[in-house]
Amino acid sequence: GFIAAGAGATACVGCAAGKHVSSTGATVCGACGHGHFSVASATGCTKCRDGTVSTSGSASTTNKDCTKCAVGKYSRSRQSSVCLDCGTGHYVDHTGAKKCHQCGVGKYADAAAKTVCTACPAGKIAPKRATKTCSNCGAGYRAPGGGRKCSWCKSMEYSSAAFNPTCTKCPSGKVSLRKASACESCPPGRNSPYEELKAATALLQVTMTPAQSKMCSKCGVGLHQRGNTCVKCPRGKWSPDNDPDCKKCGRGKYQDEEG
């Protein structure tokens, strides 16, 4: 920690802080390397703690004088002269970090050196930790902001967008099964119950989708379809089960009641 002051010197002088010497008879003090510090008259240099750095020849009396890494950066090994950026999907919100934290489920970090993670926007999810981008739910599903998983739309609901935050109720006269990306119109002779879901007991003599077959109810005997509802046939007319239109009574027959 001491060197001769010069040729013919009778006294030794201590090395300045940030320098050191470990051999006797030396005339020059050596600078501490990157990531090290030293007090005055040191025989060796000390490593900076994790999360701190120093440049060559750093003068210090304590480890506290090694420079802490800024937020969004870290140093996980001693002897470092440079702090590293946290990678995507990670963050650090305090100085002097020796490691970065993973973004939690439902959050993401799409750039390096982030100090916080951002919640996924409505309709997108991050099902795993350390995510750098959020994923779309897809049509027929929904997700609130910051979600970890998508939920499917229920029967009589739909979502057409790939990143829908909510499902939309089918309008009157249309139906859907769960996970639907669109609602379907009921075929002639059937209507859609809006509040109460009824399963059809028989099919019309037409080809129907699973949603139409399951969710559209029959108008029934003496009824016919008007718009999205079933109404009674007027006097003088009748309808068999599941017929979209009322028929006139045949010659010699009559009907004096509605329905």
Begin with the C-alpha distance, continue with both residues' side-chain angles, and end with the deciding distance and a verdict on side-chain contact (heavy atoms from CB on, under 4.5 Å) for Val175 and Met156. CA-CA 5 Å; Val175 294; Met156 301 298 285; 4.0 Å; yes
[X] versus [Y], closest heavy-atom pair with distance:
X	Y	value
His90	Ala109	O-CB, 3.8 Å
Asn136	Phe163	OD1-CB, 3.7 Å
Ala42	Lys19	CB-O, 4.0 Å
Lys124	Cys134	CB-CB, 3.8 Å
Tyr158	Cys170	CD2-SG, 4.4 Å
Tyr74	Cys69	C-SG, 3.6 Å

Would you check if Pro127 and Lys149 make a side-chain contact, meaning some heavy-atom pair closer than 4.5 Å?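 The answer is no, as the side chains (C-beta and beyond) never meet within the 4.5 Å cut-off.
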If you define the side chain from C-beta out and look only at heavy atoms, does anything of Cys32 sit under 4.5 Å from Phe37?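 SC-SC contact between Cys32 and Phe37 ruled out.
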With side chain to side chain contact (heavy atoms under 4.5 Å, CB included) as the test, pick out the partner of Tyr108 among Ile125, Thr118, Thr88, Thr133.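 Answer after filtering Ile125, Thr118, Thr88, Thr133: Thr118.
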Test Asp93 against Val71 for side-chain contact (heavy atoms from CB on, under 4.5 Å), laying out the working first. CA-CA 5 Å; Asp93 58 1; Val71 292; 5.6 Å; no
As a test of understanding, state which of Arg129, Lys128, Lys107 forms a side chain to side chain donor-acceptor pair (under 3.5 Å) with Gln102.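 For Gln102, the side chain to side chain donor-acceptor pair (under 3.5 Å) check succeeds only for Arg129.
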So how far is it from [X] [atom1] to [Y] [atom2], rounded to the nearest 0.5 Å?
X	Y	atom1	atom2	value
Trp152	Leu177	CH2	CG	12.5 Å
Lys114	Tyr91	NZ	OH	13.5 Å
His20	Cys45	NE2	SG	4.0 Å
Ser151	Lys179	OG	NZ	11.5 Å

Using modelled atom types only, decide if a donor and an acceptor are shared between the side chain of [X] and the backbone of [Y] within a distance under 3.5 Å.
X	Y	value
Ser159	Tyr141	yes
Ser38	Gly18	yes
Ser176	Glu157	yes

Would you give me the side-chain donor-acceptor pairs under 3.5 Å for residues 94-101, sequence neighbours excluded?
none

Does a side-chain N-to-carboxylate-O contact under 4.0 Å join Asp110 and Lys132?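 Salt bridge between Asp110 and Lys132, a charged N being under 4.0 Å from a carboxylate O: no.
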